[in-house]
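Taking it in order: structure first as structure tokens, then the write-up.
Throughout, a chain's letter reflects where its sequence line sits, starting with A, and its residues are numbered from 1. Because only heavy atoms are used, hydrogens play no part in the values below, and waters and symmetry mates are left out as well, while side chains stay in.
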Protein chains: 2
Amino acid sequence: MATKEKIINASIQLFNEYGFANVRLQHIADSTGISVGNLAYHFKNKEAIITRAYEAIGCELQAVLSQFRSEPNLLDLENQLASFYHFIVKFPFYFIDIIEIKRSHSHLHLARQQFIMRMIMQIRKRFEYNIDRGVIKPEPFEGHYDHVAHAIWMVITFWISQSIIKGDKSDVSSFKSVIWSQVYPYLTSKGIEEYQRLVLVRN
Amino acid sequence: MATKEKIINASIQLFNEYGFANVRLQHIADSTGISVGNLAYHFKNKEAIITRAYEAIGCELQAVLSQFRSEPNLLDLENQLASFYHFIVKFPFYFIDIIEIKRSHSHLHLARQQFIMRMIMQIRKRFEYNIDRGVIKPEPFEGHYDHVAHAIWMVITFWISQSIIKGDKSDVSSFKSVIWSQVYPYLTSKGIEEYQRLVLVRN
DNA sequence: GTCTATAGAGTGATAGAC
DNA sequence: GTCTATCACTCTATAGAC
């Protein structure tokens with residue numbers, strides 16, 4: 001049934017533009033080119049729609065997170081940042097409406113928290129691996145890189161929100177710049193060399 | 001008229017708990033201990049309520065931003081962070097619902113963008129002044145501290161959102177830790193000494 | 001699978017008595 | 001200033017014909 005898929009795609013587009021709470025069933029039906037009655041046939045209620053949308057989005061996020069190799073170098077980070085950015089601009093409502101959806105459909109949020117923890121841990125591990133590779137300086141004191149990983153996750157998670165709030169046009173290069181500025185002070189001289197060779201040259 | 005003030009206080013409490021869009025006029029009236037008709041007498045509509053609430057909140061934010069001296073040292077930052085945190089936990093909806101309010105009452109957001117720009121500039125200037133004081137290292141390359149200031153503003157702005165999303169209990173010490181972790185790598189040896197003497201000793 | 005029609009529960013805002 | 005009552009409208013969800 002391609003209709004179900006068309007409904008989900010149209011819904012995601014509308015959620016992105018108007019915010020989940022502001023999108024009406026009528027609106028989704030119109031955008032899909034079907035009636036509200038037909039919409040109800042495919043999805044019993046709005047919750048069923050957002051649940052399905054979250055499934056699809058979760059799959060894509062899974063794919064982005066899976067780009068993490070066992071020993072990631074700085075180019076891996078650069079590439080993953082590009083993937084993250086692509087994901088963010090494809091599903092802005094997933095970040096913008098996160099608290100509203102936690103409020104109204106908390107079971108969806110519960111599953112999502114797994115992703116969040118996994119993401120922060122992954123960022124933290126990147127520091128670990130690149131310390132071993134001699135590219136990142138050792139942790140200056142216990143727990144410091146946990147804070148940095150936390151901050152990096154926040155920049156990723158709220159990037160689209162902040163660009164809307166500030167009225168900026170979101171672009172990938174400033175996104176990457178702010179993330180890299182989080183890593184830069186911890187690069188060793190070998191790390192700076194690798195950064196310039198692998199990352200800067202490409203931009 | 002104390003009633004107007006009671007309405008605003010009740011409204012802010014409800015906005016904080018349920019989110020601006022989920023608060024009903026009936027809800028505000030009940031919480032204030034008046035009827036909806038009476039509520040309408042004091043505020044013509046919901047927009048008038050949020051406008052007045054934003055005015056009050058803006059005043060408090062103004063006060064926090066005014067703690068910025070012409071030559072702020074690291075203790076000033078520590079103190080201002082405490083004030084920011086206090087402000088954030090007093091008006092969480094101001095941060096959580098920021099995009100929703102921009103969507104539905106854009107004129108309020110327009111005024112708010114002034115605060116945002118001022119705040120980022122203030123953070124940037126703190127770096128400048130403390131470079132001059134020999135407490136912060138010179139900028140490693142053009143524009144780097146702009147990125148760091150941007151990241152610090154994001155941590156402040158989205159702190160309450162992230163704590164809700166992660167399911168953490170928000171506390172002032174982890175807030176300060178993450179912000180200080182943004183500054184720490186740029187401290188000179190003199191800066192670390194001042195940091196330990198003025199900031200760490202107090203916590 | 002798809003439609004029209006409508007029930008049913010709210011929601012913001014107003015009218016008018018006290 | 002404060003109240004009750006109600007209008008006009010929106011939105012989700014369901015019933016039933018095709």
Side-chain angles (χ1 to χ4, degrees), chain A residues 1-56 93 96-97 99-109, chain B residues 1-56 93 96-97 99-109:
Chain A
M1 312 302 128
T3 307
K4 267 195 165 63
E5 208 179 316
K6 274 188 351 197
I7 292 170
I8 294 300
N9 290 338
S11 298
I12 289 174
Q13 286 309 312
L14 292 168
F15 295 159
N16 285 338
E17 188 165 353
Y18 303 106
F20 173 70
N22 299 319
V23 172
R24 307 298 148 215
L25 295 183
Q26 185 68 63
H27 206 168
I28 294 173
D30 291 350
S31 198
T32 312
I34 62 173
S35 71
V36 187
N38 193 10
L39 177 62
Y41 170 80
H42 288 286
F43 295 96
K44 154 165 147 283
N45 51 31
K46 204 178 173 186
E47 169 148 352
I49 297 175
I50 184 67
T51 300
R52 182 62 160 273
Y54 252 53
E55 278 170 24
F93 95 93
I96 294 168
D97 293 335
I99 290 186
E100 182 56 33
I101 287 175
K102 178 187 149 89
R103 273 200 275 246
S104 54
H105 306 284
S106 53
H107 68 287
L108 289 178
H109 188 73
Chain B
M1 311 302 130
T3 306
K4 267 196 165 62
E5 206 178 318
K6 273 187 353 195
I7 292 170
I8 294 300
N9 290 338
S11 299
I12 289 174
Q13 287 309 311
L14 292 169
F15 295 160
N16 285 338
E17 189 166 353
Y18 302 104
F20 173 70
N22 299 319
V23 172
R24 308 295 146 217
L25 296 183
Q26 184 68 62
H27 206 168
I28 294 173
D30 292 350
S31 198
T32 311
I34 62 174
S35 70
V36 187
N38 194 10
L39 177 62
Y41 170 81
H42 289 286
F43 294 96
K44 155 166 146 282
N45 51 29
K46 205 177 172 186
E47 169 149 352
I49 297 174
I50 185 65
T51 300
R52 182 61 160 273
Y54 252 54
E55 278 170 27
F93 95 92
I96 294 169
D97 294 334
I99 290 186
E100 182 55 32
I101 288 175
K102 178 187 149 87
R103 272 200 275 247
S104 55
H105 306 285
S106 53
H107 68 286
L108 290 177
H109 188 72

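- In terms of phosphate contacts, B:Thr3 brings no side-chain nitrogen or oxygen within less than 4.0 Å of OP1 or OP2 of D:dG1.
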Under 3.5 Å between N/O atoms: give me all the protein pairs with nucleotides 6-9 of chain D, atom names plus distance.
none

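- Under 4.0 angstrom from either OP1 or OP2 of D:dG1 there lies at least one side-chain N or O belonging to B:Tyr41.
- Residues that satisfy the ring-ring contact (aromatic ring centres under 6.0 Å, His included) test with A:Phe43, not counting sequence neighbours, are absent from this structure.
- Under the 4.5 Å side-chain criterion, counting only non-hydrogen atoms from C-beta, A:Ile101 is not in contact with A:His109.
- Taking all atoms of both residues into account, the shortest heavy-atom contact from A:Glu100 to A:Ala21 is CG-CB, 4.2 Å.
- A side-chain hydrogen bond (donor to acceptor under 3.5 Å, both in side chains) check over residues 3-20 of chain A, counting only residues at least two apart or in different chains, returns nothing.
- When the ring-ring contact (aromatic ring centres under 6.0 Å, His included) test is applied to A:Phe15, the partners found at least two apart in sequence or on another chain are A:Phe20, A:Phe93.
- The CD1 atom of A:Ile99 sits 10.5 Å away from the CD1 atom of B:Ile99 when rounded to the nearest 0.5 Å.
- Residue A:Arg24 places none of its side-chain N or O atoms closer than 4.0 Å to OP1 or OP2 of D:dT10.
- One atom, CZ of B:Phe43, and another, P of D:dT2, lie 12 Å apart when rounded to the nearest Å.
- Atom CD1 in B:Ile34 sits about 12 Å away from atom P in D:dG1, given to the nearest Å.
- OP1 and OP2 of C:dT11 both lie 4.0 Å or more from every side-chain N or O belonging to B:His27.
- Note on residues 24-37 of chain B: pairs passing side-chain hydrogen bond (donor to acceptor under 3.5 Å, both in side chains), not counting sequence neighbours, are B:Gln26-B:Asp30.
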Next item on the list: Classify every nucleotide of nucleotides 13-18 of chain D by which part a protein heavy atom approaches to under 4.0 Å, writing B for the base, S for the sugar-phosphate alone and - for neither, in 5'-to-3' order.
Entry: SB----
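- Taking both residues in full, the closest heavy atoms of B:Ile28 and B:Ile49 are given as CD1-CD1, 4.1 Å, listed atom of the first, atom of the second, then distance.
- Separating the CG atom of B:Asp30 from the P atom of D:dC3 is a distance of 11 Å, rounded to the nearest angstrom.
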Next item on the list: Take A:Glu47 and A:Leu108, measure what side-chain contact (heavy atoms from CB on, under 4.5 Å) needs, and give me the verdict at the end.
Entry: CA-CA 10 Å; A:Glu47 169 148 352; A:Leu108 289 178; over 6 Å; no
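- To the nearest angstrom, C1' of D:dT10 lies 11 Å from CD of A:Gln26.
- Residues of residues 4-17 of chain A that place a heavy atom closer than 4.0 Å to DNA chain D do not occur.
- Contact record, B:Lys46 with B:Val23: NZ-O, 2.9 Å, taken as the closest heavy-atom pair.
- Rounded to a whole Å, the CD1 atom of A:Ile28 is 11 Å from the C1' atom of D:dT12.
- Here the closest non-hydrogen pair linking B:Leu39 and B:Ala29 is CD2-N, 4.2 Å.
- Here the P atom of nucleotide D:dT12 and the CG atom of A:Asn38 are 17 Å apart, to the nearest Å.
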